[in-house]
2 protein chains.
Amino acid sequence: MSNIRDVAREAGVSVATVSRALSAPEKVSTKALDKVHKAIAKVGYRPNMLARNFRSTRSYAIVVLVPDIANPFYSGVISAIEDRAQQKGYAVLLGDTRGMPERELEYIRRVETRLADGLIQLRPHSSKMHDVIPPDLASVNACGCEDTAGPSIRIDNRGAAKTMVDYLISLGHRRIGVISGLTDNPHSIDRMAGYKESLEAAGIPFEKELVAEGDFTMWSGLNCALQFCGMKERPTAIFCMNDEMAIGAIQTLKAQGLRVPEDISVTGFDDIPYAKYCDPNLTTISQPAGDIGKLAVDMLVRLIGGETLNQPECILPSEFIVRKSTARARSS
Amino acid sequence: MSNIRDVAREAGVSVATVSRALSAPEKVSTKALDKVHKAIAKVGYRPNMLARNFRSTRSYAIVVLVPDIANPFYSGVISAIEDRAQQKGYAVLLGDTRGMPERELEYIRRVETRLADGLIQLRPHSSKMHDVIPPDLASVNACGCEDTAGPSIRIDNRGAAKTMVDYLISLGHRRIGVISGLTDNPHSIDRMAGYKESLEAAGIPFEKELVAEGDFTMWSGLNCALQFCGMKERPTAIFCMNDEMAIGAIQTLKAQGLRVPEDISVTGFDDIPYAKYCDPNLTTISQPAGDIGKLAVDMLVRLIGGETLNQPECILPSEFIVRKSTARARSS
DNA sequence: TTGTACGCGTTATCAA
DNA sequence: TTGATAACGCGTACAA
């Protein structure tokens with residue numbers, strides 16, 4: 001492989017001139033520029049970015065830590081991150097942690113050892129977990145919760161959940177089941193708070209047996225719904241903490257001979273692409289995945305550049321979308 | 001940031017000893033090893049991988065080129081790639097091309113400039129397109145077709161499609177519509193060949209008007225199905241070239257008041273997670289996403305190591321899965 | 001077993 | 001505008 005010296009020799013100039021021709025062409029005479037370009041073409045030179053990065057002590061890469069890339073909401077955010085990062089000259093290192101803390105650590109180590117300049121987390125992160133990340137490490141949480149420490153982007157999960165449950169109550173539902181994510185998951189906590197607030201505002205007592213704990217997978221939605229089907233006094237609506245669990249739940253309900261939404265309403269959260277196409281279309285909360293990803297990159301790049309963020313916690317608007325999976329409670 | 005020299009000074013040994021202590025501990029006396037470890041802890045040393053990679057002229061990163069990471073089939077493969085790559089000490093650079101050739105080129109350049117050691121393509125690639133990739137570049141196509149040049153992994157798309165259409169014919173269907181991907185897409189070509197083979201074997205003439213061209217998105221499935229609904233003589237079954245288009249098509253059919261599968265059968269391809277949970281569950285072809293990803297990494301790593309593959313074209317088995325979206329043709 | 005010294009490809013500094 | 005040369009942090013002959 002040819003290096004910058006080969007080009008310099010071929011062009012009859014110094015290596016410094018070649019280097020300048022590439023990174024600051026305006027500082028080189030037209031004649032020299034021309035010679036350099038010809039020489040580059042002739043010897044088939046490609047700058048060694050490894051050396052360039054080494055020299056500049058920057059890798060121009062960012063790690064994206066994601067619990068599960070197969071989750072369509074996350075992959076939507078990642079897509080936006082990749083797009084923006086590419087624009088800004090950064091590569092995206094994919095860190096699919098599968099929820100394993102040791103893998104997370106491996107990736108954090110990658111930025112400590114300079115293989116990446118910063119880190120975007122796509123996992124809700126409460127302040128307690130934050131200790132793992134060294135304070136001087138450039139890092140942004142793109143799926144924050146109310147308790148997230150450090151720079152973060154999030155929606156108002158509590159408010160959105162309240163809006164959703166308020167809506168169900170306005171449809172006449174009083175007995176509203178919840179399919180939650182893991183109960184110690186910060187998103188679950190925020191959304192549960194919204195659920196409780198809504199009930200309280202309507203004067204409906206909170207009942208523990210109406211809460212089923214899932215883990216944000218379709219499979220868990222399937223099982224949790226089964227739990228409700230077995231109850232003597234079934235809920236007339238189910239508030240699911242994400243779309244995948246809602247889709248799984250609907251599957252179970254149908255299998256049990258229940259009609260959605262005529263017999264029971266179901267709501268989701270995230271507005272993944274399937275929410276619009278499943279049967280019935282899901283009433284859900286739309287998260288601005290594209291904006292989240294874009295903003296995360298912008299914030300991180302500033303952090304990498306040594307800036308301090310004037311607005312370290314960004315709360316983006318979410319959208320309440322009514323589709324076909326919800327209906328008036330049957331007057332019983 | 002402390003470097004290897006700081007550690008050496010602190011430990012009272014030479015930099016060479018520190019270097020050895022990290023990469024070849026067996027060549028260092030226990031005493032020296034101990035001193036080095038203490039010094040590392042004391043000064044908070046982290047080896048600079050940028051420098052290490054530069055020295056070794058390896059980036060220990062691979063680029064994964066994917067047309068659309070939000071497609072669940074692709075994200076499944078990527079997940080497996082990431083897992084295997086991590087095991088083998090490689091990082092995954094995400095290259096979401098969104099079908100734009102210039103972005104693809106940017107990523108190919110990344111490996112030419114040493115920022116990555118090799119390339120995995122998740123796009124069907126016919127031999128014509130192969131020219132773009134320099135022949136000396138380590139590259140594996142993980143979504144190959146019959147026409148793919150160079151190392152590749154694929155399933156027998158033609159055979160799988162034939163199996164599926166054979167099945168529909170065995171159910172009594174004679175008028176079978178196709179929702180294809182873009183017609184110049186190599187996967188579309190292979191799967192269409194299987195469709196035609198099956199018809200021919202059954203003595204059913206091929207009819208051009210039974211083919212609708214989509215682009216592998218749900219949205220296109222939606223529209224293509226509409227096309228069939230408007231026909232005077234509707235097909236009794238639709239063979240979709242992926243699950244997403246099948247899900248979109250089913251949505252349209254239901255909206256038109258048709259029952260699936262009682263009035264019309266629909267089949268998919270890929271077996272994405274939703275195929276099992278949509279209504280009705282999809283009869284489809286399961287691609288071994290995990291094995292594909294794993295094998296792709298293994299092959300690429302060998303290629304990077306300078307080996308020549310004894311088996312450059314791997315054809316993995318696919319699985320035919322019957323669910324609820326297909327039924328006997330109504331005796332008309 | 002340990003240490004010295006050089007080279008990897010690039011950019012930045014400085015002098016011409 | 002150009003060129004010579006010193007870094008950058010690490011690995012590794014080679015010598016001790």
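Residue numbers begin at 1 in each chain, while the letters A, B, ... track the order of the sequences.
Contact annotation for B/Ser19: base contact, defined as any heavy-atom pair under 4.0 Å involving a base atom. Within 4.0 Å (heavy atoms only), B/Arg52 reaches sugar-phosphate atoms of the nucleic acid but no base atom.
Between B/Phe54 and A/Phe54, the two ring planes are parallel [angle under 30°; tilted spans 30° to 60°].
In this structure, NZ of B/Lys27 is placed 13 Å from C1' of D/dC14, rounded to the nearest angstrom. One atom, CD1 of B/Ile4, and another, P of D/dA7, lie 19 Å apart when rounded to the nearest Å. Atom CG of B/Leu50 and atom C1' of D/dA7 are 16 Å apart (whole Å). Residue A/Arg55 contributes atom CZ, which lies 15 Å from atom C1' of D/dC10 at whole-angstrom precision. If you measure from atom CD of A/Glu26 to atom C1' of D/dT1, you get 12 Å, rounded to the nearest angstrom. Regarding A/Lys31, its NZ atom lies at a distance of 11 Å from the P atom of D/dG3, rounded to whole Å. Straight-line distance from the CE atom of B/Met49 to the C1' atom of D/dG9: 13 Å, rounded to whole Å. One can place CG of B/Leu22 at 16 Å from P of D/dG9, the figure rounded to the nearest angstrom.
For DNA chain C, the span of nucleotides reached by chain B at under 4.0 Å from its heavy atoms goes, 5' to 3', from C/dT1 to C/dG9.
Two residues, A/Ser2 and B/Val28, neighbour DNA chain C, and the one matched to the more 5' nucleotide by heavy-atom proximity is B/Val28. The residue among B/Val15 and B/Phe54 whose nearest nucleotide of DNA chain D is located toward the 5' end is B/Phe54. Both A/Pro47 and A/Arg20 sit near DNA chain C, but only A/Pro47 has its closest nucleotide nearer the 5' end.
Between B/Lys88 and B/Asp298 a salt bridge is recorded (basic side-chain N to carboxylate O distance below 4.0 Å). A/Glu104 has a carboxylate O that lies under 4.0 Å from a charged side-chain N of A/Arg123, or vice versa, which qualifies the two as a salt bridge. Remark: B/Arg109 does not engage B/Glu106 in a salt bridge, criterion side-chain N to carboxylate O under 4.0 Å. Between A/Asp68 and A/Arg98 there is no salt bridge, since no side-chain N of the basic residue sits under 4.0 Å from a carboxylate O of the acidic one.
Checked against D/dA7, D/dC10, D/dA13, the side chain of B/Tyr45 finds its nearest nucleotide in D/dC10.
When each of A/Asn71, A/Ile120, A/Leu122 is paired with A/Val77, the side chain to side chain contact (heavy atoms under 4.5 Å, CB included) condition holds for A/Leu122 and for no other.
Between the side chain of B/Asn53 and the backbone N or O of A/Leu50 there is no donor-acceptor pair closer than 3.5 Å.
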